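To keep things clear, I will list the structure first and then write my remarks on it.
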Amino acid sequence: MHVPLRFEQADNAFWQNPYISKQLLEAHLSSNTEGASRSFAFIDKSIDFIQQIAPPKAYQKVLDLGCGPGLYSERLAKIGYKVTGIDFSENSIHYAKEQAKKLDFDIEYRYENYLQLNISNIYDLALLIYCDYGALAPEDRSKLLLNIWNSLKNGGQLLLDVFSQKKFDQFKEEQYWSFNENGGFWSKHSYVAIGRNLKYSDRVTLEQTTVVTDDKIETYNIWHQFFTRELLIEEVTAVGFTIKEIYDDVSGKNYTEGNQTIALLIEKNE
Ligand SMILES: C[S@@+](CC[C@H](N)C(=O)[O-])C[C@H]1O[C@@H](n2cnc3c(N)ncnc32)[C@H](O)[C@@H]1O
């Protein structure tokens, strides 16, 4: 099997596979694990922080990009923001819509790819939370930043986080396999999973899993770009954003350089 080029896509979509997206929804909704969303305790802290830096009176309209089942969107709606959540996982958006109906939240959920977002001058605040930015290839990162820029009003802000150099240093190259006779995360059928974690130069990693069932073989590539503060600032300022503040994470922890994530608050100024 060849070593893939950086950000080469396998044939199979991780977030959108109907079976895997059910496992991911469970992971989002498990309050203490950090597989697909952070712990609920962290999310609550993060919401307090967002409320401080962008109070709902001044930053009414929020765009939650990659909202998943709406863990941030719901909490923001509850404290007075007018929220639009976008996600391309049909399963997560379906769940989010059902929850909003049940809890009577006026949230607009859109089942959409944010790389194809076409919105102009509507939002006061955009969120791209849990390091989704680094999962994108360089050309998609600049496309997404441009889409967000267009969607924001002048003076609108974006809060995003990425994995840091520290996390890249801790990433270990390895190879592994497992038998899953009763099915598991990757398939409901009995399968063998063969995995390899590869480290590339320029802070890129690949977590590749090949899933072998009785009748097919499917490969999933999960890419990640890790960032130094300088690289992140270079990418966002290239699109025109102004840096407002840098933090260790999206709960507003002071920047230390030694954390596994970096969060940036940036602003559109025309
Ligand atoms: C790591 S989860 C984070 C979910 C949420 N932001 C949170 O912190 O709870 C990433 C989410 O982004 C969504 N996503 C990834 N790429 C996307 C794209 N191109 N368009 C829309 N949603 C996307 C996935 O379906 C998934 O729900």
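Below, each value reflects all heavy atoms present in this structure, side chains not excepted, and no hydrogens, waters or symmetry copies. If you're wondering where the values come from, they're calculated on a predicted model, not measured in any experiment.
Partners of Leu231 under the side chain to side chain contact (heavy atoms under 4.5 Å, CB included) rule, at least two apart in sequence or in another chain, are Arg203, Gln225, Phe227, Thr228, Glu235.
Between Phe241 and Trp149, the ring planes are perpendicular. Angles over 60° get that label, and only those under 30° would be called parallel. In this structure, Phe226 and Phe171 have perpendicular ring planes: the angle between them is above 60°, well past the 30° mark. Classified by interplanar angle (parallel below 30°, tilted 30° to 60°, perpendicular above 60°), the ring pair Phe14/Phe185 is tilted.
Within a 6.0 Å radius of CD in Glu108, other residues, nucleotides and ligands contribute more than 12 heavy atoms. Taking a 6.0 Å sphere around CD of Glu173, one finds it holds more than 12 heavy atoms contributed by other residues, nucleotides or ligands. More than 12 heavy atoms of other residues, nucleotides or ligands shown are found within 6.0 angstrom of CG on Asn154. Environment of CD in Gln175: sparse, with no more than 12 heavy atoms of neighbouring residues, nucleotides or ligands closer than 6.0 Å.
Counting only heavy atoms from C-beta outward, the side chains of Lys143 and Leu117 never approach each other to under 4.5 Å. Side chains of Val162 and Ser164 form no contact here, defined as non-hydrogen atoms less than 4.5 Å apart. By the 4.5 Å heavy-atom criterion applied to side chains, Asn121 and Leu152 are not counted as neighbours.
A cation-pi arrangement is present between Lys167 and Phe163, with the terminal nitrogen or guanidinium carbon under 6.0 Å from the aromatic centre and inside a 45° cone about the axis. Figure legend: Lys253 and Tyr247 shown without cation-pi pairing, the cationic atom not lying both under 6.0 angstrom from the six-membered ring centre and within 45 degrees of its axis. Both the sub-6.0 Å distance and the 45° axial angle are not jointly satisfied by Lys78 relative to the ring of Phe105.
Sorted by first and then second residue, the salt bridge (Lys or Arg N to Asp or Glu O under 4.0 Å) pairs involving residues 117-137 (not counting sequence neighbours) are Asp124-Lys153.
Neither side chain, Ser92 nor Asp87, offers a donor N or O lying under 3.5 Å from an acceptor on the other. For the residue pair Asp48/Gln52, the side-chain donor-acceptor check at 3.5 Å is not satisfied. Judged purely by distance below 3.5 Å, without hydrogens or angles, the side chains of His189 and Glu181 never pair a donor atom with an acceptor atom. A donor-acceptor pair shorter than 3.5 Å cannot be found between the side chains of Ser21 and Ser89. Of the N and O atoms on the side chains of Ser39 and Asn32, not one donor lies less than 3.5 Å from an acceptor on the other residue.
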